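Here is the structure we will look at.
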Amino acid sequence: MSSTNTILQATSLTGRKAALAAHPVYRAIDSAARLRTFMAHHVACVWDFMSLLKSLQQDLAPVATPWLPPSDPEAARLINEIVVDEESDRLPYRDGHGSHFVWYLDAMEELGADTAPMRRAIEAMRGGTSPLAALRSSGLPESACDFSAMTLAFLDEPLAVRAAVFLHGREDVIPRMFLPLVASMREQGIACERFLGYLQRHIEVDGGAHGQHATALLERLFAAAPEHRRRAEQAAMAALAARQQLWDAVLEAL
C-alpha cells in the first residue's frame, strides 16, 4: 500500500465516515416539517461546498487575463469536470442548466422551506459583506454557520489540504449520507421530488466520476507536495467531525 493510501484510508477516517453514514438524523426525518428543518441547516453546506470547489479550481485552472497555461493540465481537467456538473448541470425539473445550489434552493421552495436566510446571505456577499459575517447575520441556524466557518477557514490551507477536505469531507462521504436519507424519505412517504432528485444526482456523481476525479487529483497533489500529507489527514478529520457536530445539532432541532 502506498504512503498516500496509508494516510488517507486510515482507520480514523474510515470510522468517522461510517459514523456519519449511520447517524440517527436520517431516520428522524419522518415528516415534511422535519425535512424543512434539515434543509434549513444543510443549505449552508451546499453553498460552502461550492466555495471549497472553486478555491481548488482557482489554483488549478485559474480564470485570469492574460491567460497562462495551467501548470498541471491533468489536474485542471479533473477539477473542471467536477465544476461543470456542480455549477451548470442540466436540471431535470425544468429546461436549461443551473448549479446544484440553485437546484437545492428550488427543492426547498417546492417543500415550503424558508430560503430567505440563505438568500440574504448571498445578497450580503454580493454587496461586499464578508462571507462569515453575511452568514452570521442572515438568520441561518448557528450550527450551520459554524460548519461553514470551518469550511471557509480551510480555504487558507495549502492546495493538497483543501483537496483532502474536498475528497474525504465531501465527495467520498456524501453518497454514504444521502443513501440512508433517501431510504428514510421513501419509507415515510415524504413527497419532495426535486430534493430526491438532488440527492440521487449526488449519489450518482459523487459515488462515481466526481469521487474518482477527486481521488486522482489528491494523488497528483500529494506526489507534488508530500509534505502536506499529515496536515491533510488532520484537516479531513476535522471536516468530518464538523459534519458530525452539525448532524447532532440538526437532530436536536428536529
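What's counted below: heavy atoms across the whole structure, side chains too, no hydrogens, waters or symmetry copies. Just so you know, these numbers come straight off a predicted model, no measurement behind them.
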N-O pairing of Glu204 and Arg201 below 4.0 Å: yes
Do the side chains of Trp47 and Pro131 get nearer than 4.5 Å, heavy atoms only? yes
So does Ala133 get a backbone contact from the side chain of Ser137, meaning a donor-acceptor N/O pair under 3.5 Å? yes
Is it true that a side-chain atom of Thr129 and a backbone atom of Ala124 form a donor plus acceptor pair closer than 3.5 Å? yes
Sequence neighbours excluded, the answer for ring-ring contact (aromatic ring centres under 6.0 Å, His included) partners of His100 is Trp103, His202
List the steps, then state whether side-chain contact (heavy atoms from CB on, under 4.5 Å) holds for Leu135 with Met118. CA-CA 8 Å; Leu135 293 170; Met118 190 72 247; 4.0 Å; yes
How close do His41 and Ser143 get, counting heavy atoms only, and between which atoms? CD2-OG, 3.3 Å
Please list, chain by chain and in numerical order, all residues satisfying side-chain hydrogen bond (donor to acceptor under 3.5 Å, both in side chains) with Glu252, sequence neighbours excluded. none
Quick one, Leu105 and Val46 - any side-chain contact, counting heavy atoms below 4.5 Å? no
Within a strict 4.5 Å, meaning less than it, do heavy atoms of the Thr215 and Gln212 side chains meet? no
Taking Thr65 for its side chain and Trp67 for its backbone only, find out whether a donor-acceptor pair lies under 3.5 Å. no
Separation between CZ (Phe147) and CG (Leu140), nearest 0.5 Å, reads 13.0 Å
Within the side chain of Asp114, is there an N or O that forms a donor-acceptor pair under 3.5 Å with the backbone of Ala116? yes
Which residues satisfy the side-chain contact (heavy atoms from CB on, under 4.5 Å) test with Arg36, sequence neighbours excluded? Ala32, Ala33, Leu111, Ala113
How close do Gly139 and Pro117 get, heavy atom to heavy atom, and via which atoms? C-CB, 3.8 Å
Write down the atom of Leu132, the atom of Ala149, and the distance for their closest heavy-atom approach. CD1-CB, 3.7 Å
Heavy-atom closest pair, residues Leu91 and Gly98: CG-N, 3.7 Å
Return each pair, listed once, that meets ring pair (Phe, Tyr, Trp, His ring centres under 6.0 Å) where at least one residue sits in residues 174-195; pairs must be two or more places apart or across chains. His42-Phe178, Tyr104-Phe195
Rounded to the nearest 0.5 Å, what separates atom NE2 in His228 from atom CD in Glu233? 15.5 Å
Do any N or O atoms from the side chain of Arg90 and from the backbone of His97 form a donor-acceptor pair under 3.5 angstrom? no
Under the criterion side-chain contact (heavy atoms from CB on, under 4.5 Å), I'd like the reasoning laid out for Gln188 against Ile29: C-alpha separation, chi angles, the key distance, then a yes or no. CA-CA 8 Å; Gln188 300 297 333; Ile29 299 171; over 6 Å; no
With Glu74 via side-chain contact (heavy atoms from CB on, under 4.5 Å) - residues at least two apart: Asp72, Arg220
Can you tell me how far apart CD1 (Ile190) and CG (Asp30) are? Round to the nearest 0.5 Å. 6.5 Å
ILVMFWY network linking Met185 to Phe38, side-chain heavy atoms under 4.5 angstrom: yes
Apply the test side-chain contact (heavy atoms from CB on, under 4.5 Å) to residues Val205 and Glu171: give CA-CA distance (whole Å), side-chain angles for both, the deciding distance (0.1 Å), then the verdict. CA-CA 9 Å; Val205 295; Glu171 297 291 359; 5.9 Å; no
Please check if the number of heavy atoms outside Gln234 that lie under 6.0 Å from its CD is greater than 12. yes
Flag side-chain contact, heavy atom, 4.5 Å: Asp206 against Glu86: yes
Give the minimum heavy-atom separation between Ser55 and Leu155, together with the two atoms involved. OG-CD2, 3.6 Å
Give the C-alpha distance, both sets of side-chain angles, the deciding distance and a yes or no for side-chain contact (heavy atoms from CB on, under 4.5 Å) between Leu56 and Ile82. CA-CA 11 Å; Leu56 296 172; Ile82 298 174; over 6 Å; no
side-chain contact (heavy atoms from CB on, under 4.5 Å) partners for Ala21, two or more places apart: Arg176
How long is the straight-line distance from CG of Asp172 back to NZ of Lys17, given to the nearest 0.5 Å? 3.5 Å
Please list all pairs passing the side-chain hydrogen bond (donor to acceptor under 3.5 Å, both in side chains) test where one or both residues lie in residues 145-159, with sequence neighbours left out. Asp48-Ser148, Asp48-Thr151, Arg136-Asp146, Thr151-Arg170, Glu157-Arg231
Under the side-chain hydrogen bond (donor to acceptor under 3.5 Å, both in side chains) test, residues paired with Asn80 that sit two or more places apart: Gln57
For Glu193, give me all partners under side-chain contact (heavy atoms from CB on, under 4.5 Å), at least two apart in sequence or on another chain. Glu110
Could you tell me which residues satisfy side-chain hydrogen bond (donor to acceptor under 3.5 Å, both in side chains) with Thr115, sequence neighbours excluded, listed by chain and number? Arg119
For the atom pair CD1 (Ile203) and CG (Leu179), what is the distance rounded to the nearest 0.5 Å? 4.0 Å
Heavy-atom distance under 4.5 Å between the side chains of Leu251 and Pro24, does that happen here? yes
Are His210 and Asp85 linked by a side-chain donor-acceptor pair shorter than 3.5 Å? yes
Joint cluster assignment, Met50 & Leu217, ILVMFWY side-chain distance < 4.5 Å: yes
Distance-only, no hydrogens or angles: does the Arg194 side chain make a donor-acceptor pair with backbone N or O of Tyr93 under 3.5 Å? no
Leu52 and Val102: same hydrophobic cluster, using ILVMFWY side-chain contacts below 4.5 Å? no
Side-chain donor/acceptor pairs under 3.5 Å, residues 235-249, sequence neighbours excluded:
{"unit_1": "Trp247", "atom_1": "NE1", "unit_2": "Tyr26", "atom_2": "OH", "d": "2.9"}
{"unit_1": "Asp248", "atom_1": "OD1", "unit_2": "His23", "atom_2": "NE2", "d": "2.7"}

Rounded to the nearest 0.5 Å, how far does CE of Met125 lie from CD1 of Ile122? 4.0 Å
Taking only residues two or more places apart in sequence, or in another chain, which ones meet Arg77 in a side-chain hydrogen bond (donor to acceptor under 3.5 Å, both in side chains)? Glu81
So, for Ala232 and Ala160, which heavy atoms are closest and what is the spacing to 0.1 Å? CB-O, 4.2 Å
For Phe49 and Phe166, I'd like to know if the aromatic rings sit close, meaning centre-to-centre distance below 6.0 Å. yes
